[in-house]
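Remarks on the structure that follows.
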Amino acid sequence: MKKINIITLALLVYLLIMSYVGWPGRNNSLNYTEYFIVIGVSVAIIFLLRFLRIRLLKMRNRQREDKQL
């Protein structure tokens with residue numbers, strides 16, 4: 001398994017655990033729409049970071065290939 005996949009999986013598991021801990025049913029400080037919006041934004045940020053990391057690695061590999069030629 002690639003390092004990018006492990007990091008993404010770890011972040012998603014962390015998000016699931018934090019979502020369980022912060023469930024609005026336990027304390028009424030958050031309503032459900034805000035709760036699910038925050039989770040959705042967090043998932044979007046995790047996948048944006050994954051995309052940017054993959055892009056960075058591809059650019060790094062291209063630069064290494066250019067230096068070898």
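No experiment lies behind these values; they were computed from the predicted model shown.
The closest side-chain heavy-atom distance from Ile7 to Leu49 is not below 4.5 Å.
No continuous path of hydrophobic side-chain contacts links Ile37 to Met18 [ILVMFWY only; heavy atoms under 4.5 Å]. At a threshold of 4.5 Å between side-chain heavy atoms, the hydrophobic network of Ile, Leu, Val, Met, Phe, Trp and Tyr places Ile17 and Tyr14 in one connected group. Ile39 is connected to Trp23 through a chain of hydrophobic side-chain contacts under 4.5 Å among Ile, Leu, Val, Met, Phe, Trp and Tyr, so both are in one cluster.
Residues Tyr20 and Tyr35 come closest through the heavy atom pair N-OH, 4.2 Å.
To the nearest 0.5 Å, atom CG of residue Asn61 and atom CG of residue Asp66 are 11.0 Å apart. Leu11 contributes atom CG, which lies 11.0 Å from atom CZ of Arg50 (distance to the nearest 0.5 angstrom). Atom CG of Leu9 is separated from atom CG of Leu12 by 6.5 Å, given to the nearest 0.5 angstrom. If you take CG on Leu48 and CG on Leu52, they are separated by 4.5 Å, rounding to the nearest 0.5 Å.
Around atom CZ of Phe36, more than 12 heavy atoms belonging to other residues, nucleotides or ligands sit under 6.0 Å away.
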